[in-house]
Amino acid sequence: MRLGASGAALVGLLGAAAPALSGDYEGSPQVAEFVAEMTRDYGFAGEQLVDLFREVERKQSILDAISRPAERVKPWKEYRPIFITPARIQKGVTFWNQHADALARAEKEYGVPAQVIVAIIGVETFYGGNTGNFRVIDALSTLGFDYPPRADFFRKQLKEFLLLAREEQVDPLMLKGSYAGAMGLPQFMPSSFRAYAVDFDGDGHIDIWNNPVDAIGSVASYFKRHGWVHGAPVVSRAQVRGERIDEGLTQGLDPVKNVGDLRTLGWASGDALRDDVPVTAFRLEGDEGAEYWMGLPNFYVITRYNRSAMYAMAVHQLSELLVNARGGR
């Protein structure tokens with residue numbers, strides 16, 4: 001994906017000039033406005049950007065996917081088996097063993113446990129097996145110019161994508177990702193790539209598509225920057241009693257209550273937790289009925305990666321199973 005000598009003419013933008021073909025965004029006023037912004041604010045070469053967008057394709061399949069009515073929200077007893085499977089655990093152990101040195105170094109430098117890093121990559125892309133087949137520039141352009149409900153967000157991501165392509169000297173037409181533009185083994189959006197991704201193997205480039213070492217370091221960097229506390233627990237199972245227990249449930253994910261608040265509402269934990277510890281309190285519908293949980297600060301960090309309590313629980317429980325399957329640390 002990196003540019004060679006033949007791409008030298010492209011240094012002003014990001015790669016070699018594309019042939020002047022008529023594309024889906026030929027003559028688009030929105031694209032013209034975007035090109036003007038990138039030229040004015042970020043020093044891109046306008047003509048080369050116009051040439052680039054002649055190569056960009058509007059993907060109806062992306063618009064169909066993002067506009068599809070949301071699936072029924074699965075209860076935990078149906079959601080968990082999607083991600084907690086023997087195959088995902090076994091593949092995770094293999095990935096951990098293959099990259100044990102990089103994972104150990106990431107844990108030492110960033111304080112994020114190896115099993116959490118592996119679990120994130122496992123949940124996101126099955127350890128790189130499913131990173132997406134859409135060109136990122138097609139996905140972000142389609143959603144930025146043809147999906148009004150979230151056009152501003154995706155146009156910002158398109159801007160970040162072009163900046164990262166220029167910074168990393170990669171061809172923006174070659175990079176692939178999900179239909180929403182999430183990229184590589186850890187499925188970073190372009191803004192997250194530019195803010196948190198790291199060159200963890202020191203080769204002068206950040207490659208989260210093909211380089212597991214960079215992906216490992218980048219996930220650890222993301223977690224540390226979002227406040228992961230080394231050695232701190234993630235969740236605590238709660239025992240509940242009384243008529244006020246549902247008053248303790250958190251609306252959303254922000255930890256607006258603490259352990260002491262929950263105690264007064266009938267929540268208790270077998271773990272030694274200070275009353276002032278902030279928590280995200282939630283209930284899951286498990287195989288054996290309702291489960292009540294206190295999500296601790298590290299749990300909240302996992303939800304910064306994906307704003308879902310069930311996602312964070314899947315990552316956490318997969319991480320624990322990976323440790324067990326590997327025979328401990």
Side-chain angles (χ1 to χ4, degrees), residues 65-85 88-89 92 112-113 115-127 130-132 143 149-150 153-154 157 177-189 191-192 195-196 215 218-220 222-229 232-238 246 248-257 262 278-287 289-322:
I66 203 165
S67 302
R68 193 173 296 131
E71 255 185 35
R72 173 182 67 92
V73 177
K74 292 179 172 63
W76 175 239
K77 62 186 176 182
E78 295 177 21
Y79 182 95
R80 185 182 186 274
I82 296 172
F83 298 103
I84 309 296
T85 65
R88 204 176 301 259
I89 294 166
V112 182
Q115 65 266 28
V116 173
I117 300 169
V118 176
I120 285 284
I121 295 173
V123 167
E124 289 291 338
T125 62
F126 204 82
Y127 314 102
N130 182 23
T131 58
L143 296 171
R150 299 195 67 195
F153 170 79
F154 285 109
Q157 294 302 320
S178 75
Y179 76 82
M183 308 178 302
L185 277 73
Q187 292 289 277
F188 275 15
M189 292 300 288
S191 59
S192 291
Y196 309 114
S218 297
V219 171
Y222 186 102
F223 271 59
K224 180 177 176 59
R225 294 277 295 279
H226 283 81
W228 184 272
V229 178
V234 176
V235 293
S236 178
R237 182 76 177 263
D246 284 355
L249 294 171
T250 303
Q251 301 300 313
L253 295 168
D254 291 345
V256 295
K257 293 184 175 70
L262 293 182
V279 294
T280 300
F282 57 100
R283 178 180 59 216
L284 299 175
E285 298 304 321
D287 288 332
E291 304 173 6
Y292 289 82
W293 292 89
M294 299 181 189
L296 305 173
N298 278 348
F299 179 85
Y300 182 70
V301 173
I302 301 175
T303 69
R304 300 306 84 198
Y305 208 96
N306 182 309
R307 292 187 62 84
S308 162
M310 287 195 291
Y311 173 92
M313 278 296 285
V315 167
H316 171 63
Q317 292 192 359
L318 177 59
S319 75
E320 292 189 316
L321 291 167
L322 288 168

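Along the sequence shown, the residues carry numbers beginning at 1.
Put simply, the side chain of Thr250 never gets that close to the backbone of Thr280: no donor and acceptor are under 3.5 Å apart. Here the side chain of Asn298 pairs no donor or acceptor atom with the backbone of Trp228 at under 3.5 angstrom. The closest donor-acceptor contact from the side chain of Arg283 to the backbone of Ala290 lies at 3.5 Å or more, if one exists at all.
Screening Val112, Val116, Ile121, Val118 against Val219 for a side-chain contact (heavy atoms from CB on, under 4.5 Å) leaves a single residue, Ile121.
Remark: Ser308 pairs with no residue by the side chain to side chain donor-acceptor pair (under 3.5 Å) rule, at least two apart or across chains. Residues forming a side chain to side chain donor-acceptor pair (under 3.5 Å) with Ser192 (at least two apart in sequence, or on another chain): none. In this view, Asn130 satisfies the side chain to side chain donor-acceptor pair (under 3.5 Å) rule with no residue, not counting sequence neighbours. Applying the salt bridge (Lys or Arg N to Asp or Glu O under 4.0 Å) rule to Asp287 yields no partners; only residues at least two apart in sequence or on another chain are considered. Take Ala195 and apply the side chain to side chain contact (heavy atoms under 4.5 Å, CB included) test, not counting sequence neighbours, and it matches no residue. For Pro75, the side chain to side chain contact (heavy atoms under 4.5 Å, CB included) partners two or more places apart in sequence, or in a different chain, are Arg72, Lys77, Glu78, Glu285. The side chain to side chain contact (heavy atoms under 4.5 Å, CB included) search around Ala312 returns Phe299, Ile302, Thr303, not counting sequence neighbours. In this structure, the side chain to side chain contact (heavy atoms under 4.5 Å, CB included) partners of Thr131, at least two apart in sequence or on a different chain, are Thr125, Gln187. Considering only residues two or more places apart in sequence or on other chains, Arg150 meets the side chain to side chain donor-acceptor pair (under 3.5 Å) condition with none of them. Not a single ring pair (Phe, Tyr, Trp, His ring centres under 6.0 Å) links Phe126 to another residue, sequence neighbours left out. Partners of Tyr179 under the ring pair (Phe, Tyr, Trp, His ring centres under 6.0 Å) rule, at least two apart in sequence or in another chain, do not exist in this structure. By the ring pair (Phe, Tyr, Trp, His ring centres under 6.0 Å) test, Tyr305 pairs with Tyr222, Phe223, sequence neighbours left out.
Between Glu124 and Leu185, the closest side-chain pair of non-hydrogen atoms is not below 4.5 Å. Annotation: side chain of Trp293 is not in contact with side chain of Ser236 (no heavy-atom distance under 4.5 Å).
In this structure, OG in Ser218 is found 5.0 Å from CZ in Phe188, a value given to the nearest 0.5 Å. Note that the CD1 atom of Ile82 and the CZ atom of Arg88 stand 9.0 Å from one another [nearest 0.5 Å]. Between the CD1 atom of Ile66 and the CG atom of Leu143 there is a distance of 4.5 Å, given to the nearest 0.5 Å.
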Side chain to side chain contact (heavy atoms under 4.5 Å, CB included) evaluation trace for Val234 with Leu296: CA-CA 5 Å; Val234 176; Leu296 305 173; over 6 Å; no
CA sep, side-chain torsions, deciding dist, call: Tyr292, Arg237, side chain to side chain contact (heavy atoms under 4.5 Å, CB included): CA-CA 6 Å; Tyr292 289 82; Arg237 182 76 177 263; 5.9 Å; no
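Across all non-hydrogen atoms, the minimal contact from Leu322 to Gln115 is CD1-O, 4.0 Å. Considering every non-hydrogen atom in both Pro297 and Pro278, the closest pair reads CD-O, 3.6 Å. Residue Ala215 comes nearest to Pro186 through the heavy atom pair CB-CD, 4.0 Å, listed as atom of the first residue, atom of the second, then distance. In terms of heavy-atom proximity, Ala314 sits nearest to Tyr79 at CB-CE2, 4.1 Å. The two residues Phe282 and Met294 have their closest heavy-atom pair at CE2-C, 4.5 Å. When all heavy atoms of Met313 and Trp76 are compared, the closest pair comes out as CB-CH2, 3.6 Å.
In this structure, the ring of Tyr300 has its center no less than 6.0 angstrom from the ring center of His226.
A cation-pi contact, defined as under 6.0 Å to the ring centre and within 45° of the axis, is absent between Arg80 and Phe83.
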